[in-house]
Structures are given as C-alpha cells and as structure tokens.
Amino acid sequence: MKFKHFLTVAGMALVLALPFAALANEGGAALKHAEVNTADRDQINRGLTVFTEVCMGCHSAKYVTYKSLIDYPEIGLTREAVDELRGDKPITSGLISDLSPEDATVSYGKVPPDLSLIVNARRGGANYVYSILTGFEKDPDGKIPDGTFNEYFPGHRIAMPDPLGWLDHDEADTAVLEAQAKDVAAFLTFIGDPHQNERHAIGKYVMIFLILLTIVLYLLKKEVWKDIKH
Amino acid sequence: MLEKMMKTKLFGWIDERTGAEAILKSQLTEYQVPKNLNYMWNFGSLALLVLVLQILTGIFLAMYYKPSAALTMGGYTVAFDSVERIMRDVNFGWLIRYMHAVGASAFFVVVYMHIGRGLYYGSYKGPRELLWIIGVVILLIMQGAAFFGYLLPWGQMSFWGATVITNLFGALPVIGGFLQEVLRGGFAVGDPTLNRFFSLHYLFPLLLAAIVGGHVHALHVVHSNNPTGLDVHEGKSTIPFHPYYTIKDAFGVGVFLLFYCYVVFFNPQMGGYFIEVDNYVPADNLQTPPHIAPVWYLTPWYTILRSFESKLLGVVAMGASLAILFLLPFLDRSKVRSARYRPVYKQMVYLFFITVIVLGYCGHSAPTPTLKLIGQIATTYYFAFFLLLPFVHKFEKTKPLPEEI
C-alpha cells in the first residue's frame, strides 16, 4: 500500500466514522424532523409571532434586539410594527420576557433558558425544539403526571408547561400546532446565527473564485515544472 | 518577477543597507530543494499560512472580546456576550470569528499531516534531529494556545474543559497544588483564570512565530528530506525553491483554502467537532455537563490520560506520550530514513497513525467499558511504537536503496 493510498483510506474512514460518533452521543428517542428554511421570510415572521405571543411569556432572546427586527432582511419589520411590539422598552433592548427569574422559580421551579442560542446549544437543533414542542404525551409508565411528561426531553420530566397545548389538542388542530412548532423552530434557527444566509450567499462566490484560482495555480505549476524530470 | 524586482534601483538602495539580495538568494532563488518532493511536503507552508491567519483574525477579535466572567442577564457573562456581539453586531465579525475557530482545527489538521509526513519519511533523523525537536516544541505551544483559547467564550465546555485539565496539574506530587492554583489564579476556575488565559492566549502565538522562525532557519541549514530519504547531491537532483516550490506551495494553498472556506462558510461548527454544542450554553459552575471532552485535536492525549485508574499515572503517561516525541530521533537507530525501504517500520508507522485516530475517537466519545479497553490497547501500542524502535534495525531487512533520487 502506498502512503498516498493509505491517506485516502484513513481519510475516508474518518469521514465515515464522524457521523456515527455524533449519533452515539445523542441517545434518547429519535427526533422528529422539522422542515425549516431560514431564508423563508414568511416562515421566520410567523415564528417570530409565535415567539412573542407564546414563548416570551416565559423565555427571553436577549441577543435579539428590537432594532434588529427591522435590520435583518429576513425579518424586516417596519418601525411602527416594532414600536407596537416593544411597548415602553427601548428599541435597543433584547426580546426580554416580563417574567422575572424569581417569579419563574416560584412558578416552575426553574428559570426558563434564554432561547437566543437554543438551536445551537442542543444536539438536533431545530428538530429538537420541534420535537419538544410536540412531545407532550401521556407517560407510558404512568409515573410522570400529564403535562410534565415529554417524550424527547432528557429524563422526560420537563418543567415547561405544554406551551402550544399539544397534549389534549383536537385531531383537527394537529396541522396548525405542528406548523406553529415548525415556524418557531425556524425563527430560533435563524436567530441562533442571524448572518447564516448572508454567509451562504457570500460563500458561493468565494468557492467559485477559489476553484478558478486553484485551476490557474495548477496550470501555472505545470508550466513552471514542465522541464523538471522527477 | 523576483529577478526583475531585484534589479530595480529601489531594491539596490535597500540591498546596500540590509543585504536583502543575499538573503533572498540564499533563502529562495538559490536555496536548493530536492526535486522529488511529493504533495505531503506542502503541509509545512500551509501551517505557516494558518498561523498567520490565526494571528491576524485573533488581533481583530481581541479588539471586541472582553475577558470577564462577570454575570449578565440570563446566566451569561460579559465574555460570552462579547463573543455574541462579535457574531451579531460587529461588521463581518461572524466571518472573523468562524475563520479563527475553524482555523484552530485547520491548524491541527495541517500540523498533524506535517508530523505524519516527518514520521513516515524519517525526516526526524540526523542531521534533522534539532529541526524535529523544535517542531515538537511548536506542537506543545500550539496545544497550549488552543487550550487557552477554548476557555475564552466561557461556555460550558470552556469552563469544564479548563476545570478538568487544570485539575490534572493538581495530581502532581509536591508542586501540584501550587501549580494548579497559579494556573487558575485561585482555587477554582473563575474570572482570574479567564484573564490570565486571555493574556497567555495572546502570548503563545508570539512565541510560536519566533520558534517557527527557528524551525525554518534550522530547515534551511540542513535542507529538506525527500520521499526516498536519501542524501541529495546539490545541482543534480535539486532545484531552487523559487520558482518551483513557491508555485507548488501556492497551488497547495489554493486546495487548502477550498476546504477551509467551505467549512467556514457552510459548516463552521462541523457538527460539533470544531465548535462544540455545549459551548453555546453559558458556563455554569454548578452544573457539570453529562459528558466532558476536549476538542478533537486534544482527544488522543485525553484517552491516554483516561486509560489509567490512578490520576497521577494518567497524568504522567500523558506527559510521557508527548515527551517521548522529543526522543524519537535518538530511539530510531536505523540508518535508512524513509519507510519506503523499511518494511517493518512501514507497518509500524501505519499502525501508529491508525492508533492515534483510534485514541482520538475514544477520547471524543462518552466512556464505555469497551471503549476504555480499546483506548488502553491503543495507548499500549502508542508507547510500544517508540520503545520498539531502538531494536527494529537489528532484524529489519531494508530494501535496496536507489543510487540517486
């Protein structure tokens, strides 16, 4: 086996092994898949509405300022809409819940985590958020009381009260609730890394440039080396 | 191009005052390099490129980063907030930060390939012993710099990684407690730790730049090894570095940037390998994450550490696994350099590469009894590789060497 061949094989083995290593870390029930598109303005804006109307009762997203809701092209709210949303909070304020940490501890026994980075901070990302929101079921063992059992939460006992009312919803509402959960997951994915669309867009040009550059350099190298026998 | 430039008046003026022409000639246009180097020899120049990238992006990050563990809203800290500010509000801050974070991993990919090449082709043997030893110093400083840097975002992995590693020093007899306290700037990892790690994270790359200068100088005294490992005769089988290897290295840079930019722009977290998922959770000294693992490039040594029941033994073994690299040039007694002509060494070195990958995998994964056993076997071979080397030449039948490359 030549050294070059060895490297190819080793490289391939490594690339193949990585996803398995990632899987091995996850554990728990397999997550539901959430179709999210962080470039879809409508979906992100619907998600923003779910966030401000439901989740913000308990959660903040402190890294997302009211001003950025105007500035991010993916959201692009008008100044008037933002003024209405923020009430008397300054425009440079983050999306801060009115629930104080003290009150939250009294009511839920825990402070709800800030959601600015939740998609980046959980294995499974958007799928995890979506699964949690649509994971309130009856405990198959009957041990954990209804409304506090979540199929996808580690340990299953969750301090968050079923925010979308998934547990006892009517069959007819399933699609609506699923859509809400997906939309808010899309919004959270977007705010986890708000320059991701810009990054992808610039990245395409960078790659095209580099491919051309590399080809030119290769031809140049061949030209310079043409008289060298080795 | 270079020749033309050297004939200009301005260059003449500078040359009279610096001897620039002699330097350029001896280091580039007349510096002799074997003509048969393969693409494995590109990783040295790539390592230099990544070092420069890391220093440049790092300087800009330091303009916005704030090393303070003071709490802010929601359990975050000033340090964590400043990183998010870079990611969200600073113009192209996201690009600079992802370049730096991905650059850290890229640095190790490139340097590990560079070291692997040196191992395979026997580049560590005389007269290049000191060149190799300086290289090992570079590796150690890189690992230190990366470790200090990983604390700075003050996420869960930053905090607990630093806690676990500084704890190791506490296991050393006599000076352990003192050393641990000096590193942490207190009894536990906290604000003083963050401040000194930031200071050291800025210092270490400066050391690196200086030592890399020494590495390149040492190289230019003893000249490059080559895939045959033979000594080369100047003129017949060598060519000047410039233009031949400048253009070949430039092509290598193009290929490298393709991979690097792909990751930076399309997958900067690399599924939690380059930026770990838990590091998006703010550091919390009351909540230990279920599974603490260093970033991938430190995991092989972490496995060696975990392979021993006694913490002290583990620490000593980990230290020894790095220190033994210094001794490599003196352990290997074979007169033949390249693994091409050394059938036994070739098998050994392949197995060594696989072993390091296995060690890395074990260190990254949550510990299970099977993985622990695999890690212990791999650790055993890691050391066996070095300890067998002094004896291999006694029974190894090397293949006939060619006259000339």
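This structure is a prediction, so every number in the text was calculated from the model and none was measured. Naming convention: chains lettered A, B, ... in sequence-line order (proteins, then strands); numbering from 1 in each chain.
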Pairs where residues 45-54 of chain A contributes a residue and the test salt bridge (charged side-chain N to carboxylate O under 4.0 Å, His left out) is met, not counting sequence neighbours: Arg46(A)-Asp183(A)
Under 3.5 Å: donor-acceptor pair, side chain of Ser60(A), backbone of Lys62(A): no
Chain B interface, residue from Leu213(A), Ile191(A), Asp71(A) that has the most non-hydrogen pairs under 4.5 Å: Ile191(A)
Asn279(B) side chain to Pro153(B) backbone, donor-acceptor under 3.5 Å: no
Residue pair Tyr76(B) / Glu84(B), side-chain donor-acceptor N/O under 3.5 Å: no
Residues of residues 192-204 of chain A contacting chain B, heavy-atom criterion under 4.5 Å, by residue number: Gly192(A), Asp193(A), Pro194(A), His195(A), Glu198(A), Arg199(A), His200(A), Ile202(A), Gly203(A), Lys204(A)
Region of Gln269(B) in contact with chain A, defined by heavy-atom distances below 4.5 Å: side chain
His291(B) (side chain) donor-acceptor with His364(B) (main chain) under 3.5 angstrom: yes
Ile215(A) versus chain B, the contacting section by heavy-atom distance below 4.5 Å: neither
Contact origin within Val253(B) toward chain A - heavy atom pairs under 4.5 Å: neither
Contacting moiety of Tyr72(A), where chain B heavy atoms sit under 4.5 Å: side chain
No-hydrogen, no-angle side-chain donor-acceptor test under 3.5 Å, Asp81(B) and Tyr63(A): yes
Whether Thr299(B) side chain and Gly363(B) backbone form a donor-acceptor pair below 3.5 Å: no
Top contributor to chain A contacts, counting heavy-atom pairs under 4.5 Å, from Pro227(B), Gly254(B), Gly75(B): Gly254(B)
Leading residue by heavy atom contact count with chain B [cutoff under 4.5 Å; candidates Lys222(A), Arg122(A), Glu223(A), Met207(A)]: Met207(A)
Parallel, tilted or perpendicular: ring planes of Phe187(A) versus Phe51(A), cut at 30 and 60 degrees: tilted
Ile239(B), part contacting chain A, at a heavy-atom distance under 4.5 Å: side chain
NZ or CZ of Lys248(B) within 45° of Tyr39(B) ring axis and under 6.0 Å: yes
Proximity breakdown for Val224(A) and chain B, heavy-atom pairs closer than 4.5 Å: both
Side-chain heavy-atom pair Asn42(B), Asp249(B) within 4.5 angstrom cut-off: yes
Chain A interface, residue from Trp296(B), Phe80(B), Phe92(B) that has the most non-hydrogen pairs under 4.5 Å: Phe80(B)
Best-contacting candidate, Gly74(B), Cys261(B), Pro290(B), Ala339(B), against chain A by heavy atom pairs under 4.5 angstrom: Cys261(B)
Among Pro34(B), Ser237(B), Pro268(B), residue most engaged with chain A (heavy-atom pairs, under 4.5 Å): Pro268(B)
4.5 Å side-chain heavy-atom contact, Met157(B) and Ile292(B): yes
Check: Trp225(A) ring centroid to Phe251(B) ring centroid under 6.0 Å: no
